[in-house]
Amino acid sequence: MCYEGGIREFVTWLNKSKDVLHNDVIYMSGAREDSVAEVAMQYNESYNENIHSFANNIGTHEGGTHETGFRAALTKVVNDYARRMNMLKEKEENLAGEDIREGLVAIISVKLPNPQFEGQTKTKLGNSNMRMLVENCVTKGLSEYLEENPREAKRIVDKCLMARNAREAARKARD
């Protein structure tokens, strides 16, 4: 597949039949030495998480260090923003990663020399330096986006809070 608009257009294509939460695709990128990381993401009204990661244009279906960095940064940035804006009260627990990723479509693409793939199928990236590169890139880029777009940020955090409330209600019903 080839998308003229790169991973932004890929996210738009993945969301084409869904109701999106915000019109613009959030795009972040960062580079260090001879490595580059790009992330594009957009929320929709669905309940499914749809994250695709790539290393040197090779699909890493099992994830890896770049995906771990993305997940960690996403969870931290959204929780920090929700606390700063008093959407999460002092005594409330932080949002779980699964709550924050509900309805998220994201593409993580890294380019690096000498990729180390792990696992039986060689579809999991093992380069530890990619975790920090992606984590720093997402922390900076997503924080800026949420600050500069308060209406969209509120919609994203509200969706995450609804996901948490639904998860807790389901747990209480099971108990």
Side-chain angles (χ1 to χ4, degrees), residues 7-8 10-11 14 21-22 25-44 46-56 58-85 87-90 92-112 115-119 123-149 152-168:
I7 62 174
R8 280 188 188 127
F10 191 7
V11 169
L14 290 170
L21 216 58
H22 49 94
V25 173
I26 303 168
Y27 176 80
M28 302 151 274
S29 66
R32 185 186 306 152
E33 296 152 18
D34 48 4
S35 301
V36 177
E38 286 182 289
V39 176
M41 58 184 266
Q42 185 178 38
Y43 280 89
N44 60 49
S46 79
Y47 303 103
N48 301 325
E49 158 186 342
N50 191 359
I51 297 175
H52 299 276
S53 57
F54 301 88
N56 293 351
I58 300 166
T60 50
H61 309 291
E62 295 179 42
T65 54
H66 54 329
E67 200 168 309
T68 303
F70 170 74
R71 289 171 187 258
L74 177 69
T75 303
K76 182 178 181 346
V77 168
V78 172
N79 274 309
D80 289 351
Y81 181 82
R83 289 236 181 258
R84 226 176 21 262
M85 296 298 143
M87 297 172 89
L88 267 179
K89 303 298 177 238
E90 206 174 295
E92 284 182 295
E93 283 187 34
N94 275 348
L95 293 163
E98 65 190 74
D99 300 329
I100 294 171
R101 293 188 305 271
E102 186 175 289
L104 176 67
V105 172
I107 306 295
I108 306 156
S109 176
V110 296
K111 301 214 174 18
L112 68 159
Q116 299 164 356
F117 294 103
E118 300 173 358
T123 55
K124 184 174 183 179
L125 185 66
N127 297 63
S128 58
N129 59 334
M130 287 296 102
R131 176 182 173 150
M132 285 311 296
L133 177 60
V134 173
E135 201 168 321
N136 292 339
C137 158
V138 172
T139 298
K140 182 179 181 294
L142 187 56
S143 296
E144 287 175 6
Y145 178 84
L146 295 176
E147 291 296 330
E148 292 170 5
N149 300 280
E152 288 82 357
K154 181 175 177 3
R155 293 170 91 185
I156 290 168
V157 174
D158 285 345
K159 179 168 178 54
C160 299
L161 290 168
M162 283 178 24
R164 181 192 62 187
N165 295 342
R167 180 177 49 84
E168 287 176 354

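A salt bridge links K76 to D80: at least one charged side-chain nitrogen sits closer than 4.0 Å to a carboxylate oxygen.
Of the candidates E98, E135, E49, R71 forms a salt bridge (charged side-chain N to carboxylate O under 4.0 Å, His left out) with just one, namely E49. Among the candidates E67, H52, H66, the single residue satisfying the side chain to side chain donor-acceptor pair (under 3.5 Å) test with T60 is H66. Between V110 and the choices V36, L125, N56, the side-chain contact (heavy atoms from CB on, under 4.5 Å) rule is met once, by L125.
Using a 30° and 60° split on the angle between ring planes, F10 and F54 fall in the tilted class, from 30° to 60°.
Distance check, rounded to the nearest 0.5 Å: CG of N165 to SG of C160 gives 11.0 Å. Summarising the geometry, atom CG belonging to L74 is positioned 7.5 Å from atom CD1 belonging to I51; distances are rounded to the nearest 0.5 Å. The distance from atom CD1 of I108 to atom CD of E38, rounded to the nearest 0.5 Å, is 12.0 Å. To the nearest 0.5 Å, atoms CG (N50) and CG (N44) are separated by 8.5 Å.
Within the 4.5 Å cutoff, the side chain of E102 has no heavy atoms near those of the R167 side chain. Contact annotation: the side chain of K159 approaches that of L21 to within less than 4.5 Å [non-hydrogen atoms, C-beta and beyond]. With contacts defined as side-chain heavy-atom distances shorter than 4.5 Å, the pair I107/Y27 does not qualify. Considering only heavy atoms from C-beta on, L161 comes within 4.5 Å of L88 through its side chain. Looking only at side-chain heavy atoms (C-beta outward), F117 and I58 come within less than 4.5 Å of each other. Counting only heavy atoms from C-beta outward, the side chains of M41 and F70 approach each other to under 4.5 Å. Side chains of E92 and R164 form a contact here, defined as non-hydrogen atoms less than 4.5 Å apart. At least one side-chain heavy atom of V157 sits under 4.5 Å from a side-chain heavy atom of V78.
Side chain of Y43 to backbone of I100: a donor-acceptor contact under 3.5 angstrom is found.
Between S109 and I7 the shortest heavy-atom distance is CB-CG2, 4.4 Å. In plain terms, the two heavy atoms of V134 and G69 that are nearest each other are CG1-C, 4.2 Å. Considering every non-hydrogen atom in both V77 and T139, the closest pair reads CG2-CA, 3.7 Å. When every heavy atom of S35 is checked against every heavy atom of L112, the shortest pair comes out as OG-CB, 3.7 Å. Considering all non-hydrogen atoms of both residues, N127 and Q116 come closest at OD1-N, 2.6 Å. Closest of all the heavy-atom pairs between A72 and R131 is CB-NH2, 3.7 Å.
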Open item on the list: Could you walk me through whether K154 and M87 satisfy the side chain to side chain contact (heavy atoms under 4.5 Å, CB included) test, starting with their C-alpha distance in whole Å, then the side-chain angles of each, then the deciding distance to 0.1 Å, before giving a yes or no?
Closed with: CA-CA 9 Å; K154 181 175 177 3; M87 297 172 89; 3.7 Å; yes

Task: Residues R32, N136; criterion side chain to side chain contact (heavy atoms under 4.5 Å, CB included); working and verdict - done: CA-CA 11 Å; R32 185 186 306 152; N136 292 339; 3.4 Å; yes

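Residue-environment remark: NZ (K111) exceeds the threshold of 12 foreign heavy atoms within 6.0 Å.
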